[in-house]
Amino acid sequence: MGIKVNLEGVKNFIADDEYTKFAPFVKTASDLLSSGQGAGNDFIGWVDLPVNYDKEEFERIKKAGEKIRKNSEVLVVIGIGGSYLGGRAALDFIKGINYNNKKHEGTPDIYFVGNSISSDCLNDTIEMLGDRDFSINIISKSGTTTEPAIAFRIFKQLAEKKYGKDGAKERIFATTDRSRGALKSLCDREGYETFVITDDIGGRFSVLTPVGLLLMAAAGIDIDKVMQGAADARKDYDNTDIDKNDCLRYAATRQILAKKGKVTEILANYEPSLTMFGEWYKQLYAESEGKDQKGIFPVSANFSTDLHSIGQFIQDGSRNLFETVLWIEKAQKDIIIQEDPENVDGLNFVAGKTMQFVNSKAFAGTYLAHIDGGVPTVVIEAEKRDEYNFGYIVYFFEKALAISGYLSGVNPFDQPGVEAYKKNMFALLGKPGYEDRKEQLESRLK
């Protein structure tokens with residue numbers, strides 16, 4: 001159970017004694033996190049979440065998921081950033097990238113909106129929804145974030161038009177602040193069922209809270225197994241010995257490589273259903289480490305597809321990058337390649353083999369080529385795409401990120417830089433209170 005972390009692909013780039021020299025710093029970072037004495041300690045509720053979550057609320061989530069499955073053909077999930085990336089990553093990871101296009105009797109299609117300001121995207125979703133019965137999960141701590149607030153306004157009106165106000169309130173579920181904010185006030189007034197975004201867990205760490213769990217439950221995902229995976233990871237990585245803790249050793253590997261000029265990390269996979277996991281990873285690592293003019297820039301790649309686009313750069317381009325491969329050993333449903341009597345494509349040499357076998361050789365060949373090309377490569381292996389492994393891997397990446405952030409000397413739990421564009425946007429839209437800023441910005445755009 002759990003995952004394997006293979007560091008053979010960095011041995012040409014990091015000597016063993018470098019880990020020994022780094023070990024005291026890793027222990028200090030780990031102690032800061034576990035003791036709650038580090039920077040951003042108001043936002044470390046995720047550390048013990050797998051064993052310290054609200055059990056009563058957890059059961060309500062299951063019941064709400066069952067209710068949605070019974071009365072809705074579609075669940076519209078409204079959120080942006082951490083309010084949607086983790087949940088969508090979970091859906092794809094466990095159910096597959098084509099979930100909405102497959103037959104899945106007893107569970108609704110799940111549409112994600114409120115993660116952009118594109119009227120075309122929103123209209124497309126409304127058209128796909130058609131006249132089907134639907135429920136809404138609005139995810140927002142404040143209720144005033146522009147993108148999800150616009151989407152919720154529109155879908156709330158659609159629900160009230162279709163079901164009336166009393167009927168709509170049975171189909172609107174809000175994941176929001178426990179006691180304050182515009183959305184919480186609306187929920188109290190309208191009677192919507194609510195789930196809590198706790199104050200001590202930031203959005204990008206929230207996938208194992210109601211933020212991600214409600215849509216998982218609605219999709220028929222076993223959320224008990226998700227939490228068990230995370231709980232086991234918490235236990236497995238609850239020590240400060242870099243030689244016995246793969247999570248800490250991965251965090252140290254990232255920072256040692258960064259000090260050698262490897263300041264871009266590519267999270268690569270060989271399974272399209274991990275694409276959104278890569279998007280979740282990018283937010284988690286970019287918002288956490290990218291500050292004070294520091295940080296390892298996180299990008300993601302989907303192999304073998306992207307080997308035909310950015311593969312050349314990875315192999316022969318600037319040597320400022322390293323690779324972390326998230327490898328899934330077993331396919332959920334494998335396919336055996338049949339022999340073709342004419343052999344037009346010249347591929348009869350793989351006849352009788354499974355696609356997963358061929359994929360594994362593409363992975364192995366790429367792994368060796370990239371190492372030879374000067375790209376240090378970490379491999380994180382999981383047996384299969386299921387609930388348990390999703391929870392386990394999420395916790396692994398969250399803890400590794402926290403340790404890595406402390407090692408680089410930043411607060412990994414704040415995100416001061418994301419507010420700048422919002423202030424400019426509000427001013428240019430004419431939001432009250434931003435009049436002076438609007439005038440300054442408009443003069444710069446002339």
Side-chain angles (χ1 to χ4, degrees), residues 54-80 83-84 87-88 91 100 104-115 117 119 121-198 206 209-221 223:
D54 186 330
K55 307 303 191 295
E56 183 276 330
E57 183 178 50
F58 194 77
E59 292 304 314
R60 283 200 301 114
I61 290 171
K62 291 181 182 178
K63 290 178 181 178
E66 183 180 5
K67 181 179 179 180
I68 293 167
R69 292 196 300 272
K70 286 181 177 179
N71 72 5
S72 298
E73 299 167 90
V74 176
L75 172 63
V76 179
V77 178
I78 304 173
I80 195 168
S83 294
Y84 112 97
R88 184 162 184 181
L91 182 67
N100 283 345
H104 45 84
E105 293 181 6
T107 61
D109 285 356
I110 297 180
Y111 297 152
F112 296 89
V113 299
N115 47 70
I117 317 177
S119 60
C121 271
L122 202 61
N123 271 308
D124 286 347
T125 303
I126 293 171
E127 288 181 12
M128 289 189 298
L129 175 62
D131 195 39
R132 289 182 289 172
D133 286 317
F134 69 98
S135 291
I136 298 169
N137 178 205
I138 169 66
I139 307 169
S140 176
K141 193 164 180 64
S142 66
T144 59
T145 303
T146 305
E147 295 91 339
I150 290 173
F152 181 51
R153 177 180 289 202
I154 291 167
F155 277 92
K156 175 176 172 289
Q157 290 169 351
L158 289 174
E160 290 177 348
K161 181 179 179 181
K162 184 176 179 69
Y163 303 108
K165 287 184 71 71
D166 287 341
K169 77 177 183 180
E170 296 299 319
R171 295 172 174 273
I172 296 176
F173 302 85
T175 309
T176 188
D177 191 86
R178 184 183 301 276
S179 59
R180 62 185 184 273
L183 180 55
K184 175 59 177 171
S185 297
L186 175 67
C187 293
D188 290 344
R189 187 169 66 250
E190 299 292 339
Y192 305 149
E193 184 169 8
T194 61
F195 301 97
V196 176
I197 300 175
T198 60
S206 67
T209 74
V211 168
L213 292 175
L214 179 56
L215 76 89
M216 291 188 223
I221 291 170
I223 60 176

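Given the structure is predicted, the values throughout are model-derived calculations rather than measurements.
- The distance from the NZ atom of K141 to the CZ atom of R180 is 5.5 Å, given to the nearest 0.5 Å.
- C121 places none of its side-chain heavy atoms less than 4.5 Å from the side chain of D124.
- Electrostatic pairing of E66 and K70 counts as a salt bridge here, judged by a charged N lying under 4.0 Å from a carboxylate O.
- Side-chain atoms of T175 and N137 include a donor-acceptor pair closer than 3.5 Å.
- Proximity of a side-chain donor or acceptor of K184 to a complementary backbone N or O of S142 within less than 3.5 Å is not detected.
- The minimum heavy-atom distance between G79 and P148, with the atom names listed, is CA-CB, 4.1 Å.
- Taken from CD1 in I110 to CE in M216, the straight-line distance is 10.0 Å, to the nearest 0.5 Å.
- Taking the side chain as every heavy atom from C-beta outward, V77 and I139 approach each other to under 4.5 Å.
- No side-chain heavy atom of D133 sits under 4.5 Å from any side-chain heavy atom of N71.
- With contacts defined as side-chain heavy-atom distances shorter than 4.5 Å, the pair E57/T194 does not qualify.
- For residues 122-176, the set of pairs meeting the ring pair (Phe, Tyr, Trp, His ring centres under 6.0 Å) definition, not counting sequence neighbours, comprises F134-Y163.
- Annotation: side chain of L213 is not in contact with side chain of T209 (no heavy-atom distance under 4.5 Å).
- T176 places a side-chain N or O within 3.5 Å of a backbone atom of S140 that can act as its donor or acceptor partner.
- Counting heavy atoms of neighbouring residues, nucleotides and ligands inside a 6.0 Å radius, atom NZ of K162 exceeds 12 of them.
- Contacts of R132 classified as side-chain contact (heavy atoms from CB on, under 4.5 Å), with partners at least two apart in sequence or in another chain: E73, V74, D109, Y111.
- Around the NZ atom of K55, the shell of radius 6.0 Å holds more than 12 heavy atoms that belong to other residues, nucleotides or ligands.
- Heavy atoms only, all atoms of each residue included: R60 and F195 are closest at NH1-CE2, 3.4 Å.
- Listed here is the closest heavy atom pair of A217 and I223: N-CG2, 4.1 Å.
- Counting only heavy atoms from C-beta outward, the side chains of I78 and N115 never approach each other to under 4.5 Å.
- Taking CG from L75 and CD1 from I68, the interatomic distance works out to 5.0 Å, rounded to the nearest 0.5 Å.
- Residues K67 and E193 are not paired through a salt bridge, judged by the lack of any N-O separation under 4.0 Å between the basic side chain and the carboxylate.
- In summary, K165 and E190 engage in a salt bridge, as defined by a charged side-chain N under 4.0 Å from a carboxylate O.
- A heavy-atom distance below 4.5 Å is not found between the side chains of R88 and L91.
- No side-chain heavy atom of D177 sits less than 4.5 Å from a side-chain heavy atom of V196.
- Of all heavy-atom pairs between G220 and T107, the closest is N-CG2, 3.9 Å.
- Here the closest heavy-atom approach between residue S83 and residue V211 is recorded as CA-CG1, 3.8 Å.
- How far CD1 of I136 is from CD1 of I172: 4.5 Å, rounded to the nearest 0.5 Å.
- For F112, the ring-ring contact (aromatic ring centres under 6.0 Å, His included) partners two or more places apart in sequence, or in a different chain, are Y84.
- To the nearest 0.5 Å, atoms CD1 (I126) and CD1 (I154) are separated by 6.0 Å.
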| task | Could you please spell out the steps behind the salt bridge (Lys or Arg N to Asp or Glu O under 4.0 Å) verdict for K156 and E160? | result | CA-CA 6 Å; K156 175 176 172 289; E160 290 177 348; 3.1 Å; yes
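- Considering all non-hydrogen atoms of both residues, R69 and P108 come closest at CG-CD, 4.1 Å.
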